[in-house]
Visitor: 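The structure follows.
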Amino acid sequence: MRIKAEALRRTVERIFAAAGCAAAEASCVAGHLVDANLCGHDSHGVIRVARYLGYMREDKIRPGGQATVVFESDTVAVIDGNMGFGQVVGEQAMDLLAAKARKSGLAMTTIRNSGHVGRLGGWAERLARDGLVSWHFVNTTGIGMWAAPFGGTDRRLSVNPLSICVPVDGRHPILLDMSSTVVAEGKVAIARNKGVPLPPGAIIDKAGNPSTDPNDLYAGGALLTMAEHKGYALNVMIDLLAGALSGGGCTAPGATSLVNTMTSIAVDPAPFTDRDAYLAEIKRYAEWVTGSPPRQAGGRVQMPGDFEHETRRERDRKGIPLDPATWDQIVESAASVGLTGDDVDACVAEG
Ligand SMILES: NC(=O)c1ccc[n+]([C@@H]2O[C@H](COP(=O)([O-])OP(=O)(O)OC[C@H]3O[C@@H](n4cnc5c(N)ncnc54)[C@H](O)[C@@H]3O)[C@@H](O)[C@H]2O)c1
């Protein structure tokens, strides 16, 4: 099925409101989840609704939780998310980061003790709309520990994503937004829901053997880091930058909640380079790189961020594709917070 973004957003917003979130919080969480679907990262979209409701029931996330600033200077803020929704905490942190970077040219924030911050690229795009270049490093402690270290066989690492974004006037930003594993865990969940195999090299089973069966991950297997030893090394550095530097802690066993930390750096390019020369250089460079003759007939070389931009345009127009299992989970989530099928139908119709 395909569903219009606004219809999906209203449905998810209504579910979180019925689960006990304040209106603004429900709207913020729903907006971020649906935006992840819109730009093609379904792993961080509405497939998370059932999990987030589970965290609420188990008191692993605190609805109404707001960020508090632990330390602040002109260029730095240390933020405690107090286990509020990561979407809400992230908004508060990025507002602060943008204000400091615009004022000082360079700023950094760390977030500790936050609920799941979702798709990192959304935070980077938010800063790009303010003309800011940014870098973001995230780790997931405890129940996000899905990946094996290079050469190892069991789960010791989280998927540790990073995002880097360069805004370009008159064009969508150049955006890197990825986990440092071959695929994010959510993409394995999607493959399991769809009943399709994973690409080779993405996971190992619990005995350490290569596997393409998504079920093997949930039967004690592990995600593999991307690019062999280099992706593993990157994964470790992200854990240190996000977990150790924020004070939230690096990936550790024994935790029972999903906790994100995020270290973000934002830069105003204005003092560093002449604006017109900067834009001209990025344009020249993008044309040079993407001008490479395609390896496959009918193919083309893309810039990072083109995927999200083009998917967003297409899904805005045609609606967001949802597999039946994911939609069923949303309908079950709605029922679990007391909404009827008619309530869901009404949200879809309004959208
Ligand atoms: N909050 C968390 O704890 C957490 C953890 C892990 C991942 N995530 C999120 O999961 C999402 C998915 O991560 P992923 O690792 O599956 O991403 P992915 O493998 O789909 O890679 C996405 C990146 O690759 C770029 N890209 C895609 N095709 C391209 C091409 N042909 N040429 C050039 N660039 C191309 C995209 O623009 C994007 O920057 C991300 O949004 C990430 O932020 C969040």
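Just so you know, ligand 1 is whichever comes first in the structure, and atom 1 is the first atom listed for that ligand. Both backbone and side-chain heavy atoms feed into the values below; hydrogens, waters and symmetry mates do not.
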Visitor: Please give the N or O to N or O pairs under 3.5 Å between ligand 1 and the protein, distances rounded to 0.1 Å.
Guide:
{"residue": "ligand 1", "atom": "1 (N)", "partner": "His116", "partner atom": "NE2", "Å": "3.4"}
{"residue": "ligand 1", "atom": "1 (N)", "partner": "Gly118", "partner atom": "O", "Å": "2.9"}
{"residue": "ligand 1", "atom": "1 (N)", "partner": "Asn260", "partner atom": "OD1", "Å": "3.3"}
{"residue": "ligand 1", "atom": "3 (O)", "partner": "Thr140", "partner atom": "OG1", "Å": "3.2"}
{"residue": "ligand 1", "atom": "3 (O)", "partner": "Asn260", "partner atom": "ND2", "Å": "3.3"}
{"residue": "ligand 1", "atom": "8 (N)", "partner": "His44", "partner atom": "NE2", "Å": "3.1"}
{"residue": "ligand 1", "atom": "10 (O)", "partner": "His44", "partner atom": "ND1", "Å": "3.1"}
{"residue": "ligand 1", "atom": "15 (O)", "partner": "Ser179", "partner atom": "N", "Å": "2.8"}
{"residue": "ligand 1", "atom": "15 (O)", "partner": "Ser179", "partner atom": "OG", "Å": "2.6"}
{"residue": "ligand 1", "atom": "16 (O)", "partner": "Lys187", "partner atom": "NZ", "Å": "2.8"}
{"residue": "ligand 1", "atom": "20 (O)", "partner": "Lys187", "partner atom": "NZ", "Å": "2.9"}
{"residue": "ligand 1", "atom": "37 (O)", "partner": "Gly305", "partner atom": "N", "Å": "2.7"}
{"residue": "ligand 1", "atom": "37 (O)", "partner": "Glu308", "partner atom": "OE1", "Å": "2.6"}
{"residue": "ligand 1", "atom": "37 (O)", "partner": "Glu308", "partner atom": "OE2", "Å": "3.4"}
{"residue": "ligand 1", "atom": "39 (O)", "partner": "Leu175", "partner atom": "O", "Å": "3.0"}
{"residue": "ligand 1", "atom": "39 (O)", "partner": "Asp177", "partner atom": "N", "Å": "2.8"}
{"residue": "ligand 1", "atom": "41 (O)", "partner": "Asp177", "partner atom": "OD1", "Å": "3.4"}
{"residue": "ligand 1", "atom": "41 (O)", "partner": "Asp177", "partner atom": "OD2", "Å": "2.5"}
{"residue": "ligand 1", "atom": "43 (O)", "partner": "Leu120", "partner atom": "N", "Å": "3.0"}
{"residue": "ligand 1", "atom": "43 (O)", "partner": "Asp177", "partner atom": "OD1", "Å": "2.6"}

Visitor: Got a sec, which residues hit ring pair (Phe, Tyr, Trp, His ring centres under 6.0 Å) with Phe137, two or more places apart in sequence or on another chain?
Guide: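 Partners of Phe137 under the ring pair (Phe, Tyr, Trp, His ring centres under 6.0 Å) test: none.
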
Visitor: Between the side chain of Lys4 and the main-chain N/O of Arg317, is any donor-acceptor distance below 3.5 Å?
Guide: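 Confirmed, Lys4 side chain pairs with Arg317 backbone.
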
Visitor: Any salt bridge (charged side-chain N to carboxylate O under 4.0 Å, His left out) pairs touching residues 68-92, not counting sequence neighbours?
Guide: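 Qualifying pairs, neighbours excluded: Glu72-Lys100.
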
Visitor: Heavy atoms only: give me the nearest Thr75-Leu106 pair and the separation to one decimal.
Guide: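 It is CG2-O, 3.5 Å.
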
Visitor: Between Met108 and Trp135, is there a side-chain heavy-atom distance shorter than 4.5 Å?
Guide: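 No, too far: nothing below the 4.5 Å cut-off.
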
Visitor: Give every donor-acceptor pair under 3.5 Å between a side-chain atom in residues 234-242 and any protein atom, sequence neighbours left out.
Guide:
{"residue": "Asn235", "atom": "OD1", "partner": "Asn160", "partner atom": "ND2", "Å": "2.9"}
{"residue": "Asn235", "atom": "ND2", "partner": "Ser158", "partner atom": "O", "Å": "2.9"}
{"residue": "Asn235", "atom": "ND2", "partner": "Ser180", "partner atom": "OG", "Å": "3.0"}
{"residue": "Asp239", "atom": "OD1", "partner": "Asn139", "partner atom": "ND2", "Å": "2.6"}
{"residue": "Asp239", "atom": "OD1", "partner": "Thr251", "partner atom": "N", "Å": "3.2"}
{"residue": "Asp239", "atom": "OD1", "partner": "Thr251", "partner atom": "OG1", "Å": "3.4"}
{"residue": "Asp239", "atom": "OD2", "partner": "Asn160", "partner atom": "ND2", "Å": "3.0"}
{"residue": "Asp239", "atom": "OD2", "partner": "Thr251", "partner atom": "OG1", "Å": "2.5"}

